[in-house]
Amino acid sequence: MKKLIAILTCVCIYATANAQDAEGMITFETADSEVKIHITGTSIATIDWGDGTIVESNIEDIWGFFNGDQTHYYHNSGTYTITIIGANITYLNCSKNQLTSLDVSKNPALKELFCENNQLTKLDVSKNPKLERLHCYINRLTSLDVSKNTELTELVCVANQLTSLDVSKNTELTRLICSGNQLTNLDVSKNTALERLYCSYNQLKKLDVSKNTKITLLSCCKNNFSETALGKLFRTLHSNLFDVEKIISIGKNNMGIISEKSIRIAQERGWRIDTLRCEDDEGETIDI
């Protein structure tokens with residue numbers, strides 16, 4: 001019996017050691033009593049819930065029907081570390097789980113990451129070069145490095161504590177939503193594919209969208225634009241795409257400092273000026 005226990009102990013230690021180096025491993029920490037996740041890939045994933053419960057899940061996307069939905073309940077209060085191991089995990093949704101940490105550095109195949117509505121203070125996506133969509137809004141991030149994510153098309157980082165955001169390497173971005181941070185500068189000159197930009201509720205003093213000829217919606221309410229800065233911004237609005245609606249939301253507080261000439265220039269270029277509302281990250285409107 002003692003020999004059997006010794007053998008099992010060795011096996012467990014060996015398996016744990018291998019798991020620590022496993023490609024495709026994702027770990028996160030939570031103190032929530034209920035955790036819901038969704039993972040998609042091309043194989044079977046093993047989930048260790050951190051309380052002695054280990055399950056296997058088919059995470060293949062079969063004909064558009066997603067597998068990989070998992071919910072786990074903890075009977076005792078405490079902090080738990082959850083570990084997911086699966087080759088080629090391409091999609092992870094771990095939103096609304098009160099996560100305090102998230103490690104996706106061993107998952108280079110990841111294409112979509114949704115980790116919004118948590119308590120993350122840092123997020124490292126430098127080892128995820130295939131990432132296309134990243135939603136990390138409503139967390140506590142003070143910095144976010146997306147310079148290695150050159151395939152990123154959608155970035156939503158609303159309601160964090162970011163003081164800077166460098167998207168110069170993200171030339172494939174079509175949707176950038178960075179409202180509700182503490183940004184004092186935002187350079188989108190390299191983001192020529194950008195179609196929607198939401199940067200309201202920051203501390204921007206200037207903005208230039210002259211290189212963003214595909215943009216059709218710009219929400220920049222509640223910033224620190226002067227009359228001169230707003231005039232310059234309006235002059236950078238492109239004049240193409242007359243067959244689609246183009247909206248710039250600036251908020252009622254800015255209306256009084258925009259010259260009639262600047263407004264006329266924007267309108268002549270086919271832009272509708274919304275002074276009463278701001279567009280939120282889902283394209284709906286919110287009163288300001």
Side-chain angles (χ1 to χ4, degrees), residues 7-120 122-139 148-149 151-156:
I7 293 173
L8 290 175
T9 301
C10 291
V11 169
C12 290
I13 293 173
Y14 176 77
T16 302
N18 282 345
Q20 295 302 318
D21 297 323
E23 182 174 321
M25 183 176 71
I26 297 171
T27 60
F28 44 88
E29 193 171 85
T30 182
D32 211 349
S33 59
E34 177 186 351
V35 173
K36 294 182 179 181
I37 62 173
H38 182 98
I39 47 179
T40 302
T42 59
S43 63
I44 301 294
T46 301
I47 305 171
D48 184 342
W49 292 105
D51 61 351
T53 305
I54 300 176
V55 298
E56 284 191 346
S57 175
N58 181 1
I59 61 172
E60 289 187 276
D61 177 9
I62 303 174
W63 295 0
F65 293 96
F66 292 107
N67 294 309
D69 282 318
Q70 292 286 335
T71 301
H72 187 70
Y73 301 92
Y74 293 99
H75 300 291
N76 300 312
S77 60
T79 300
Y80 296 93
T81 299
I82 301 164
T83 303
I84 305 170
I85 298 178
N88 297 318
I89 295 176
T90 57
Y91 175 99
L92 170 64
N93 189 328
C94 53
S95 305
K96 300 179 181 179
N97 286 312
Q98 299 298 310
L99 302 187
T100 55
S101 69
L102 173 63
D103 184 356
V104 291
S105 61
K106 295 184 176 66
N107 194 269
L110 198 62
K111 291 185 177 182
E112 298 179 89
L113 174 58
F114 297 83
C115 56
E116 65 267 20
N117 281 282
N118 282 298
Q119 299 179 22
L120 301 175
K122 60 181 179 179
L123 179 63
D124 183 359
V125 289
S126 62
K127 301 296 192 298
N128 310 104
K130 296 183 179 180
L131 201 62
E132 297 175 1
R133 301 176 69 196
L134 173 59
H135 287 208
C136 55
Y137 58 89
I138 313 180
N139 274 288
K148 304 299 183 183
N149 312 110
E151 297 184 19
L152 204 62
T153 62
E154 185 173 298
L155 174 59
V156 185

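These values consider heavy atoms only, across backbone and side chains, with no hydrogens, waters or symmetry-generated copies. Remember, predicted model here, so these are calculated numbers, not experimental data. Nothing fancy with the numbering, it's 1 onward along the sequence.
The distance from the CD atom of Gln70 to the CD1 atom of Ile59 is 10.5 Å, given to the nearest 0.5 Å. With rounding to the nearest 0.5 angstrom, the CD1 atom of Ile84 is 6.0 Å from the CD1 atom of Ile89. Atom CG in Leu120 sits 8.5 Å away from atom SG in Cys136 (nearest 0.5 Å). Atom CD in Glu56 sits 11.0 Å away from atom CD1 in Ile85 (nearest 0.5 Å). Within the model, atoms CG of Leu134 and CG of Leu123 stand 6.0 Å from one another, a figure rounded to the nearest 0.5 Å. Considering OG1 of Thr100 and NZ of Lys122, their distance stands at 10.5 Å, rounded to 0.5 Å.
At a threshold of 4.5 Å between non-hydrogen side-chain atoms, the residues Asp124 and Val104 do not count as touching. Within the 4.5 Å cutoff, the side chain of Tyr91 has no heavy atoms near those of the Arg133 side chain. Using a 4.5 Å heavy-atom threshold, the side chains of Val35 and Tyr80 count as separate. Between Tyr137 and Asn117 there is a side-chain heavy-atom pair separated by less than 4.5 Å. Within the 4.5 Å cutoff, no side-chain heavy atoms of Leu113 are placed close to those of Asn128.
The pair Glu34-Lys36 meets the salt-bridge criterion, with a side-chain N (NZ, NE, NH1 or NH2) lying under 4.0 Å from an Asp/Glu carboxylate O.
Between Lys96 and Asp32 the shortest heavy-atom distance is O-OD2, 4.2 Å. Shown here for Thr30 and Gln98, the closest heavy-atom pair between the two residues is OG1-O, 3.7 Å. For the residue pair Ile39 and Ala45, the shortest heavy atom distance occurs at CD1-CB, 3.8 Å.
Remark: the Ser95 side chain and the Glu116 side chain contain an N/O donor-acceptor pair separated by less than 3.5 Å. Side chains of His135 and Glu154: a donor on one and an acceptor on the other come within 3.5 Å.
Checked by atom type and distance alone, the side chain of Asn149 pairs as donor or acceptor with a backbone atom of Val125 at under 3.5 Å. Side chain of Thr81 to main chain of Glu29: no donor-acceptor pair is present (N/O by atom type, distance under 3.5 Å, no hydrogens or angles). In this structure, Asp103 contributes its side chain and Ser105 its backbone to a donor-acceptor pair below 3.5 Å. A donor-acceptor pair under 3.5 Å links the side-chain atoms of Thr153 to the main chain of Glu132, judged by distance alone. Judged purely by atom type and a 3.5 angstrom limit, Asn139 uses its side chain to pair as donor or acceptor with the backbone of Gln119. Distance alone, capped at 3.5 Å, is enough to place a donor-acceptor pair between the Asn118 side chain and the Cys94 backbone. For the pair Asn107 (side chain) and Leu110 (backbone), a donor-acceptor distance under 3.5 Å is present.
Under the 6.0 Å cut-off for aromatic ring centres, His72 and Tyr74 qualify, their centroids lying closer than that.
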